[in-house]
There are 2 protein chains.
Amino acid sequence: MSHMKATIRSVSVELFFKKGYFATSISDIANGCGIQKASIYHHYASKEDLLFSILKGTMDDLTDCLKTSLAGSDDVEQQMRAAVRSHVRFHLERQKETFIANSELRGLTSEHHKIIVQKRSEYERVFQNLIQEGGEKGVFAEGDVKILSYAILTLCTAGATWFKPDGRLSIDEIAAIYDGFIISGLKQSA
Amino acid sequence: MSHMKATIRSVSVELFFKKGYFATSISDIANGCGIQKASIYHHYASKEDLLFSILKGTMDDLTDCLKTSLAGSDDVEQQMRAAVRSHVRFHLERQKETFIANSELRGLTSEHHKIIVQKRSEYERVFQNLIQEGGEKGVFAEGDVKILSYAILTLCTAGATWFKPDGRLSIDEIAAIYDGFIISGLKQSA
DNA sequence: CAAAATCTACCGACCGGACGTTAGGGAGAT
DNA sequence: ATCTCCCTAACGTCCGGTCGGTAGATTTTG
């Protein structure tokens, strides 16, 4: 990826995060890059292509991150803890991209939309399998797998909405809080 | 509110939910109402005014709903359970409006934005006070009040993202799952 | 090795269309 | 006579995207 192409990408992430995809114009992006808007089209085929490439890259990295973090153990509870922490960390470290990935899906063409949704389904399935396995082994209480997986994922994902990088708590502290909260909820002592 | 004004509102909710605020044009709304787009302006001053009135009405109803549900008890745990169930029910029963209220804030002017954010802060404070009080009385484990409140609220709020009214589980069943999950998390046995 | 051809990165000007909004008017109810 | 509610018609603006072109680097070729 050329230097300017990377610049366009990062300026777009910044603007899509701050103003939203539809409220950001190609001129805005070009302006932020210090070039003319026609030059954008030398690097990206369309505005939608730009959005898609951001979303796809982010989803791929997210998936890789999860796979790496699961490789260390084969104990269900430890794996769930690792998965939660990986999920939280990624969403807070790359807050802007993940926020976009969760709020701007409607900007995609239907084919691109399908691709991203499928990637997300595969990602969710990892968590669902862990909940299922944990339930069968008696590590977690029995419960509705889908609802619980949505609960866990959206919980962490939403962090990207309110997180302030220079706030009171560090990413690892937040990850630890979520980790504890979720594992308690899955064990369902109440 | 006149009949047509109510129709415009409900058509807008439908379209804002399905396509998003910026992707929905005044023509789309007029079309859905069976009138000309200029006629919209007899009932609402602008597109933004329409969005704001939807958001404000929804937030007011949400707050009322919470207040009513808390009046029944003065036990902290029971109140938290009631609050969670109220929050979940409202977000699933009025899924489209709450979804918009959580995703289209950027469409507002800065004054209107401020008003809605303030209403939301007051709403959040109710939950934060319950967590605080529960912590002091030893009903819940000690923990970061803000993070936990965000966790609880976004958890339920996110339900409006994936909920299917004709799905496998009823609203009350989902509310019960969330209730158990959250209370366990707050008691932090893990 | 130099000239010719090609490729890369960008620009200024422009296009068709869609958008939110306004002006002015008309039919019916009060 | 006035007010409500909706109409037709138009306005100015901005947007995504295209076009033809240029300066410079790189590669190909006689």
Side-chain angles (χ1 to χ4, degrees), chain A residues 1-57 100 103-113 115-116, chain B residues 1-56 100 103-113 116:
Chain A
M1 187 149 64
S2 79
H3 180 69
M4 185 51 78
K5 186 166 184 175
T7 302
I8 293 170
R9 192 196 132 103
S10 80
V11 167
S12 300
V13 167
E14 214 68 34
L15 291 176
F16 291 168
F17 177 70
K18 188 162 41 166
K19 314 203 304 171
Y21 174 71
F22 287 107
T24 301
S25 70
I26 293 287
S27 306
D28 290 337
I29 298 169
N31 230 319
C33 297
I35 57 174
Q36 293 299 311
K37 67 174 180 171
S39 308
I40 303 273
Y41 293 88
H42 177 71
H43 301 281
Y44 293 94
S46 65
K47 192 186 177 188
E48 192 267 348
D49 177 42
L50 178 47
L51 176 65
F52 176 65
S53 85
I54 292 172
L55 264 50
K56 181 170 179 310
I100 296 167
S103 58
E104 301 294 5
L105 279 185
R106 283 195 289 220
L108 296 173
T109 63
S110 62
E111 302 94 63
H112 284 165
H113 184 92
I115 293 173
I116 299 294
Chain B
M1 188 150 62
S2 77
H3 184 253
M4 184 53 77
K5 186 165 184 176
T7 302
I8 293 170
R9 193 197 133 103
S10 82
V11 167
S12 299
V13 167
E14 213 69 33
L15 291 176
F16 291 168
F17 176 71
K18 188 161 45 169
K19 314 203 304 172
Y21 174 71
F22 286 107
T24 301
S25 69
I26 293 286
S27 307
D28 290 337
I29 297 169
N31 231 319
C33 298
I35 58 174
Q36 293 299 311
K37 65 177 178 170
S39 308
I40 303 273
Y41 291 86
H42 178 70
H43 301 281
Y44 293 95
S46 66
K47 191 186 178 189
E48 192 267 348
D49 177 42
L50 179 47
L51 177 65
F52 176 65
S53 84
I54 292 172
L55 264 50
K56 180 168 181 310
I100 297 168
S103 58
E104 301 293 6
L105 278 186
R106 282 194 291 218
L108 296 172
T109 62
S110 61
E111 303 95 61
H112 284 165
H113 183 93
I116 299 293

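Heavy atoms only: backbone and side chains are in, while hydrogens, waters and symmetry mates are out. Below, chains carry the letters A, B, ... as their sequence lines are ordered, and counting in each starts from 1.
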**OP:** Verify, without hydrogens or angle tests, whether B:Tyr21 (side chain) and B:Glu48 (backbone) share a donor-acceptor contact under 3.5 angstrom.
**Re:** yes
**OP:** Could you please name the option among C:dA9, C:dG12, D:dC5 that lies closest to any side-chain atom of B:His42?
**Re:** D:dC5
Subject >> Base versus backbone protein contacts along nucleotides 14-30 of chain C [heavy-atom cut-off under 4.0 Å; B, S, -] >> reply: -----SBBBB-------
Subject >> Contact under 4.0 Å: A:His43 side-chain N or O vs C:dC10 OP1/OP2 >> reply: yes
**OP:** Can you tell me the distance, in whole Å, between the CE atom of B:Met4 and the C1' atom of D:dC6?
**Re:** 9 Å
Original post:
Are the side chain of B:Lys47 and the backbone of B:Thr24 linked by a donor-acceptor contact shorter than 3.5 Å?
Top reply: yes
Subject >> Between C1' of D:dC14 and CG of A:Asn31, the distance in whole Å >> reply: 14 Å
Original post:
When rounded to the nearest 0.5 angstrom, what is the spacing between OG in A:Ser10 and CD1 in A:Ile54?
Top reply: 9.0 Å
Subject >> Nearest heavy-atom neighbours spanning B:Gln36 and B:Ala30 >> reply: C-CB, 3.6 Å
Original post:
When we call it a touch if two heavy atoms are under 4.0 Å apart, what does A:Gln36 touch: a base, just sugar-phosphate, or nothing?
Top reply: sugar-phosphate
Original post:
In Å, rounded to the nearest 0.5 Å, how long is the span from CE of B:Met4 to NE2 of B:His42?
Top reply: 10.5 Å
Original post:
What is the distance from CG of A:Asp49 to P of D:dG16, rounded to the nearest Å?
Top reply: 14 Å
**OP:** Indicate whether the side chain of B:Ser25 and that of B:Asp28 have a donor and an acceptor atom separated by less than 3.5 Å.
**Re:** yes
Original post:
To the nearest Å, how far apart are A:Ile8 CD1 and C:dC11 P?
Top reply: 10 Å
Original post:
Once you round it to whole Å, what is the distance between P of C:dC10 and CD1 of A:Ile40?
Top reply: 10 Å
Original post:
Can you find a side chain N or O atom of A:Ser39 that sits less than 4.0 Å from OP1 or OP2 on C:dA9?
Top reply: no
Original post:
Step by step, would you call B:Tyr44 with B:Leu51 a side-chain contact (heavy atoms from CB on, under 4.5 Å)?
Top reply: CA-CA 10 Å; B:Tyr44 293 95; B:Leu51 177 65; over 6 Å; no
Subject >> Heavy atoms from other residues, nucleotides or ligands near NZ of B:Lys19 exceed 12 (cutoff 6.0 Å) >> reply: yes
**OP:** Can you tell me the distance, in whole Å, between the OH atom of B:Tyr44 and the P atom of D:dC5?
**Re:** 13 Å
Subject >> Bending between helix ends of the helix from C:dC1-D:dG30 to C:dT30-D:dA1 [5 pairs per end, 10° resolution] >> reply: 10°
Original post:
Rounded to the Å, how far apart are A:Ile29 CD1 and D:dG16 P?
Top reply: 8 Å
Original post:
Would A:Leu55 and A:Ile115 count as a side-chain contact (heavy atoms from CB on, under 4.5 Å) if you check the C-alpha gap in whole Å, the side-chain angles of each, and the deciding distance to 0.1 Å?
Top reply: CA-CA 10 Å; A:Leu55 264 50; A:Ile115 293 173; over 6 Å; no
